[in-house]
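Single-structure report; data block below.
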Amino acid sequence: MTGSHPTRSRLTAALRPAAFGADPGGERMERIRRSPNFANGVFVNPVGARTVPSGSMLKFASTYFRKEERVRRAPAGTVPVHPTTVADLATPPASGLRLTWMGHSSVLAEIEGRRVLFDPVWGQRCSPFSLVGPKRLHPVPVPLRELGPVDAVVISHDHYDHLDMPTIRALVRSHAMFVVPLGVGAHLERWGVPAERMTELDWHESTEVAGLTLTATPARHFCGRGLRNTQHTLWASWVVAGSGRRIYHSGDTGYFSGFAEIGAAYGPFDTTMIQIGAYSDYWPDIHMTPEEGMRAHLDLQGGDPVRGIMLPIHWGTFNLAPHPWEEPAEGTVAAAEEAGATVAVPRPGQPFEPERGLPLEPWWRAIAARPVTEVPAAAEGAVEPAAPAGPSGAGASGATGKRPGATGGADPAMPIPQS
């Protein structure tokens, strides 16, 4: 009798839950080996990067678990999720470009009549387990089933806060195409995404979906979901171009000189979506600080601060690093002011069209554990949204000063710099 031993198969399945995904094999692995970005059995970064925490982990742990530091890593009140996202999205954007930050790195981009969903994570935890791992600090702004049609789902890399198995399985029921970095298709295949609805790209490769050109571009990060991080799945930033509009999503990345090269080849951009959260001195090469994120934005725009806008992402939703919860937003606003650039920091779920006014209200200050009093000058064309009411959240006047309950709170799990 041939085939795998049933006991061994059950043991393997138990040790590798479905959320871990699958390792590439067969022709997929052969294509990976042919990649110019694959060397010595692993994908490599465009420039050197330390992908494991540096410094004393004992010192890091003592800082991370200190009570006063732990409190500052979560909001002191309810995050004011935009209350009318579903209704707002029902009307097509008048300008041809609308962006909705759903929290963390999840963004719905509506561009020239098409809809692209970046790094959708609708799960309650960014973890392979339902009871362990960083938990949401705010609810999702809109149920996935009410999001409406999506033309393309774009994934930057396979870490849990960017690639969420339950969300992907729900999106299989849509008609969306899945566009992912090389090797990530192995995970999607295990979760039921049909091969004909999946495109895997190496850096600087492109595909067309519904009239949009999607291009995978370099990033400085790493990959891995299971107990063995084989580095056999690529990480990427993304360019989405229509006939007249271009947007950029950084995924997760450390700062590197390649941003200027990406901008020269594919820019300038109407909007850049840039990672500015979950940074630390313990992993300086794989995530950017707000100042580095602004520098990346300027590089992508050819050094011109008046070109396009920057939407900061990868903050506010999950507790993944030792910095204060509000620091990424505050630092980005300060960096933009110093550079003379334009930045939009919407509430989760707040759609906006860059050409029709930007969400510039510093809503995070009312719920910061450490009060923030500096308020930037009001910008011309700013959209000052009313404080949301009801169960979705509270505005500045509705902040209670209490820590979040079922929808958030600092998670006791030690962060891993894989986000």
Side-chain angles (χ1 to χ4, degrees), residues 79-82 85-86 88-89 98-111 114-127 133-172 174 176-181 184 187-188 214 219 221 235-238 240 247-253 271-278 287 293 310-320 328-329 344-352 359 392-393 407-408 418-419:
V79 175
V81 174
H82 186 68
T85 308
V86 174
D88 292 345
L89 293 177
R98 182 167 62 195
L99 302 167
T100 308
W101 177 60
M102 299 294 180
H104 202 58
S105 294
S106 302
V107 180
L108 175 66
E110 298 171 89
I111 176 171
R114 303 301 183 183
R115 304 174 105 217
V116 179
L117 186 58
F118 292 98
D119 285 357
V121 175
W122 259 246
Q124 288 303 303
R125 294 183 184 269
C126 51
S127 168
K135 186 169 59 173
R136 279 188 168 274
L137 301 174
H138 65 79
V140 292
V142 55
L144 201 57
R145 65 182 177 277
E146 298 180 29
L147 187 63
V150 174
D151 295 287
V153 175
V154 176
I155 304 298
S156 65
H157 63 296
D158 69 359
H159 287 154
Y160 290 98
D161 57 323
H162 297 259
L163 180 61
D164 179 54
M165 181 188 70
T167 304
I168 295 299
R169 283 180 164 173
L171 287 166
V172 172
S174 73
M177 288 292 297
F178 292 79
V179 185
V180 302
V184 174
H187 302 313
L188 272 59
L214 284 67
H221 201 55
W235 47 96
S237 57
W238 288 92
V240 176
I247 58 177
Y248 171 86
H249 189 284
S250 72
D252 275 4
T253 180
T271 301
T272 67
M273 295 162 270
I274 305 290
Q275 172 263 307
I276 48 80
H287 284 172
M310 173 181 163
L311 171 64
I313 60 172
H314 203 263
W315 80 282
T317 304
F318 298 108
N319 182 349
L320 300 172
V345 191
R347 301 166 187 247
Q350 181 182 357
F352 71 97
S392 293
T407 60
Q418 66 162 356
S419 49

Next item on the list: Would you check if the side chain of Arg125 reaches a backbone N or O of Gly133 as a donor-acceptor pair within less than 3.5 Å?
Entry: yes
Item checked: Derivation of the side chain to side chain contact (heavy atoms under 4.5 Å, CB included) call for Ile313 and Ile274 -> CA-CA 6 Å; Ile313 60 172; Ile274 305 290; 5.6 Å; no
Check: Of the non-hydrogen atoms in His162 and Ser156, which two are nearest, and what is the gap between them?
Finding: ND1-OG, 3.5 Å
Notebook entry, point to check: In Å and rounded to the nearest 0.5 Å, what is the CZ to CD1 distance from Phe178 to Ile168?
Noted result: 5.0 Å
Checklist line | Expected output: side-chain Ser106 to main-chain Asp119 donor-acceptor under 3.5 Å | finding: yes
Check: Going from OG1 on Thr317 to NZ on Lys135, what distance comes out if it is rounded to the nearest 0.5 angstrom?
Finding: 14.5 Å
Next item on the list: Tell me, with the steps shown, if His187 and Val180 meet side chain to side chain contact (heavy atoms under 4.5 Å, CB included).
Entry: CA-CA 10 Å; His187 302 313; Val180 302; over 6 Å; no
Margin query: Looking at every non-hydrogen atom in both residues, tell me the closest pair between Pro351 and Arg98 and how far apart they are.
Written below: CB-CD, 3.8 Å
Note to self: Go through it in stages, so that I can follow the logic: the residues are Thr85 and Thr100, the test is side chain to side chain contact (heavy atoms under 4.5 Å, CB included), and I'd like the CA-CA distance, side-chain angles, deciding distance and then a yes or no.
What the structure shows: CA-CA 9 Å; Thr85 308; Thr100 308; 4.3 Å; yes
Notebook entry, point to check: Can you name the one residue among Leu171, Leu89, Val140 that meets side chain to side chain contact (heavy atoms under 4.5 Å, CB included) with Leu147?
Noted result: Leu89
Notebook entry, point to check: Can you check whether Ala176's main-chain N or O pairs, donor with acceptor, with Ser174's side chain at less than 3.5 Å?
Noted result: yes
Next item on the list: Work out which heavy atom in Pro120 is nearest to a heavy atom in Val154; give both atom names and the distance.
Entry: CD-O, 4.3 Å
Check: Within the side chain of Ser250, is there an N or O that forms a donor-acceptor pair under 3.5 Å with the backbone of Gln275?
Finding: yes
Item checked: Inter-residue atom distance Arg115.CZ - Asp151.CG, 0.5 Å rounding -> 8.5 Å
Note to self: A side-chain contact here means heavy atoms from C-beta on lying under 4.5 Å apart; do Met102 and Trp122 qualify?
What the structure shows: yes
Next item on the list: First locate atom CG of Leu163, then atom SG of Cys126, and finally report the distance between them rounded to the nearest 0.5 Å.
Entry: 12.0 Å
Item checked: Minimum heavy-atom distance Val345-Trp315, with the two atoms named -> CG1-CZ2, 3.8 Å
Note to self: Tell me the closest heavy-atom pair linking Ala219 and Ser237, and the distance in Å.
What the structure shows: CB-N, 3.9 Å
Next item on the list: Look at the aromatic rings of Phe118 and His249 and report parallel, tilted or perpendicular, splitting at 30° and 60°.
Entry: parallel
Next item on the list: Measure the spacing between NE2 of His82 and CZ of Phe352 and express it to the nearest 0.5 Å.
Entry: 12.0 Å
Note to self: Below 30° counts as parallel, above 60° as perpendicular, anything between as tilted: where do the rings of His314 and His104 land?
What the structure shows: tilted
Note to self: For the CH2 atom of Trp101 and the CD atom of Gln350, what is their distance to the nearest 0.5 Å?
What the structure shows: 10.5 Å
Check: For Thr167 and Leu144, what are the C-alpha separation, side-chain angles and deciding distance, and is it a side chain to side chain contact (heavy atoms under 4.5 Å, CB included)?
Finding: CA-CA 8 Å; Thr167 304; Leu144 201 57; 3.9 Å; yes
Next item on the list: May I ask you to test the Val153-Val179 pair for a side-chain heavy-atom distance under 4.5 Å?
Entry: no
Item checked: Pro348 to Pro80 - nearest heavy-atom pair and separation -> CD-O, 4.3 Å
